[in-house]
Number of protein chains: 2
Amino acid sequence: MTYRLPSLNALRAFEAAARNLSFKTAASELGVTPGAVSQQVKKLEASLGVALFSRLPHGLLLTVEGETYLPKISKIFEDLTDATEAIAPEINGKKFKLGICPKAMAILPPNWPNQLGKLKAHVRDAIQTTDVELLRNNEIDCLIRLGGGPYGELSLVTVERGEDTNEASVPLHFICKPGLADCRQSRAILEDLAANAAPCS
Amino acid sequence: MTYRLPSLNALRAFEAAARNLSFKTAASELGVTPGAVSQQVKKLEASLGVALFSRLPHGLLLTVEGETYLPKISKIFEDLTDATEAIAPEINGKKFKLGICPKAMAILPPNWPNQLGKLKAHVRDAIQTTDVELLRNNEIDCLIRLGGGPYGELSLVTVERGEDTNEASVPLHFICKPGLADCRQSRAILEDLAANAAPCS
DNA sequence: TTTGGAGGGATAGATTTCCTGAGTCTCCGT
DNA sequence: ACGGAGACTCAGGAAATCTATCCCTCCAAA
């Protein structure tokens with residue numbers, strides 16, 4: 001019962017590219033460069049011995065094989081996500097407790113994150129703190145701060161908030177345990193932060 | 001429509017290890033060292049935040065989460081294999097040319113593999129040879145030998161054929177290019193060999 | 001016809017991930 | 001006590017992957 005399988009990275013690249021019919025869009029969805037997507041798709045096609053895309057002079061088109069493959073691969077990714085969330089509720093289903101430092105609060109909307117919106121599905125509540133130890137204790141799941149650090153083995157993501165024209169401006173940081181950096185909740189929070197934080201001063 | 005996915009390598013390591021309840025067996029199935037399997041499984045557990053195995057003093061046991069995860073992951077690999085075979089006939093549908101050494105013929109049924117049966121779907125024909133070079137030239141797809149080796153970067157699978165009570169008995173080997181070791185054809189041939197080869201003398 | 005933007009393809013080099021190989025440990029059977 | 005089996009760790013090297021460029025084609029606007 002062994003399996004002969006293409007690489008997962010290559011499949012992800014294919015799936016995103018096929019869904020968007022664009023390497024560029026797929027790349028930004030996956031957080032890599034278009035060249036990487038192009039390479040992965042090419043590798044997949046080589047390993048299968050079948051072309052999945054027709055490269056037209058202007059844009060992409062799925063071949064018959066690609067058209068057949070796409071829905072199956074999408075479904076497999078969904079199944080995998082479901083299976084994974086089923087056993088890792090700690091990570092995938094849990095609502096986050098946030099820690100926010102006072103200075104960060106100042107550049108966020110008045111009662112963020114307690115607004116109606118997508119964030120409600122991912123955030124339980126928020127407390128005001130600057131204490132990184134609370135992260136290590138699991139008393140909070142992530143910490144939102146202005147500047148600070150370093151944070152050792154903790155993951156740190158800098159929130160995008162427009163053109164930084166002021167050299168002295170302090171970056172807005174999202175800090176969490178490494179295992180949580182890429183999870184659904186963190187992504188939602190980061191997205192919301194990017195949309196709602198005041199631009200760099 | 002993005003997905004949060006564990007690494008495929010880690011999932012394969014988990015699936016093989018869970019199915020065999022042994023890192024060592026899983027490692028030989030995957031063609032890597034036990035250390036690699038151990039590391040991949042550990043990585044997967046870390047990324048999920050859940051233990052999948054109980055490491056007992058003597059041997060492995062699946063945790064509840066592992067027990068839940070295993071059948072779903074196995075099914076996903078099957079689905080992926082099916083989806084891939086459906087669009088890549090060049091690789092997956094081809095019938096193999098076998099090379100068989102005379103000594104190996106002696107322990108196989110008189111006109112193996114030219115019998116009616118499942119093998120017909122996977123085998124084009126067979127020639128008598130011991131020449132490994134034919135494998136490298138792609139003139140044959142796999143070679144069945146008694147003993148011999150080493151074969152460098154070629155994949156070697158030892159055929160199971162009952163209790164080996166005789167220390168001097170020579171193992172029956174299936175040799176092919178690494179990329180073909182896990183394909184449907186190889187699996188069918190190995191299964192048939194295991195069923196039809198004379199037991200160890 | 002020229003020009004500029006968008007998007008895909010290729011390549012080299014850097015980075016990350018992965019695997020190996022050796023050594024260690026515990027448990028078990030003799 | 002001893003040796004074998006199997007899992008773990010860690011350092012180092014191999015392999016896969018990504019980035020950063022540069023090139024090319026096509027299209028649309030001037």
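Only this structure's heavy atoms are used, side chains among them; waters, hydrogens and symmetry mates stay out. So you know, we letter chains A, B, ... as the sequences are listed, proteins then strands, and number each from 1.
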Report yes if a donor N or O on one partner sits less than 3.5 Å from an acceptor N or O on the other, where the partners are the side chain of B/Gln40 and the base of C/dT17; otherwise report no.
no

Can you tell me the distance, in whole Å, between the [atom1] atom of [X] and the [atom2] atom of [N]?
{"X": "B/Asn20", "N": "D/dG6", "atom1": "CG", "atom2": "C1'", "answer": "14 Å"}
{"X": "A/Asn9", "N": "D/dA16", "atom1": "CG", "atom2": "P", "answer": "12 Å"}
{"X": "B/Leu8", "N": "C/dT17", "atom1": "CG", "atom2": "P", "answer": "16 Å"}
{"X": "B/Leu60", "N": "C/dC27", "atom1": "CG", "atom2": "P", "answer": "15 Å"}
{"X": "B/Leu30", "N": "C/dT20", "atom1": "CG", "atom2": "C1'", "answer": "15 Å"}
{"X": "A/Leu21", "N": "C/dG8", "atom1": "CG", "atom2": "C1'", "answer": "14 Å"}
{"X": "A/Gln39", "N": "D/dA15", "atom1": "CD", "atom2": "P", "answer": "18 Å"}
{"X": "B/Leu44", "N": "C/dT17", "atom1": "CG", "atom2": "C1'", "answer": "15 Å"}

Among [options], which is the nearest nucleotide to the side chain of [X]?
{"X": "B/Lys24", "options": "D/dC8, C/dC19, D/dG6", "value": "D/dG6"}
{"X": "A/Val32", "options": "C/dG9, D/dT17, D/dT19", "value": "D/dT19"}
{"X": "A/Phe23", "options": "D/dC8, D/dC18, C/dG9", "value": "C/dG9"}
{"X": "B/Lys43", "options": "D/dA7, D/dC10, C/dT17", "value": "C/dT17"}
{"X": "A/Ala36", "options": "C/dG8, D/dA7, D/dT19", "value": "D/dT19"}
{"X": "A/Thr33", "options": "C/dG9, D/dT19, C/dT20", "value": "D/dT19"}

Tell me whether the OP1 or OP2 atom of C/dG9 has a side-chain N or O from A/Ser38 closer than 4.0 Å.
yes

Can you tell me if the side-chain N/O atoms of B/Lys42 get under 4.0 Å from OP1 or OP2 in D/dA7?
no

Side chains of [X] and [Y] in contact at under 4.5 Å (non-hydrogen atoms):
{"X": "B/Ile87", "Y": "A/Leu52", "value": "yes"}
{"X": "A/Leu193", "Y": "A/Leu108", "value": "yes"}
{"X": "A/Leu146", "Y": "A/His173", "value": "no"}

Which pair of non-hydrogen atoms, one from B/Pro102 and one from B/Thr130, has the smallest distance, and what is that distance?
CD-CG2, 3.9 Å

Is the ring pair B/Phe23/B/Phe53 parallel, tilted or perpendicular, if the boundaries are 30 and 60 degrees?
perpendicular

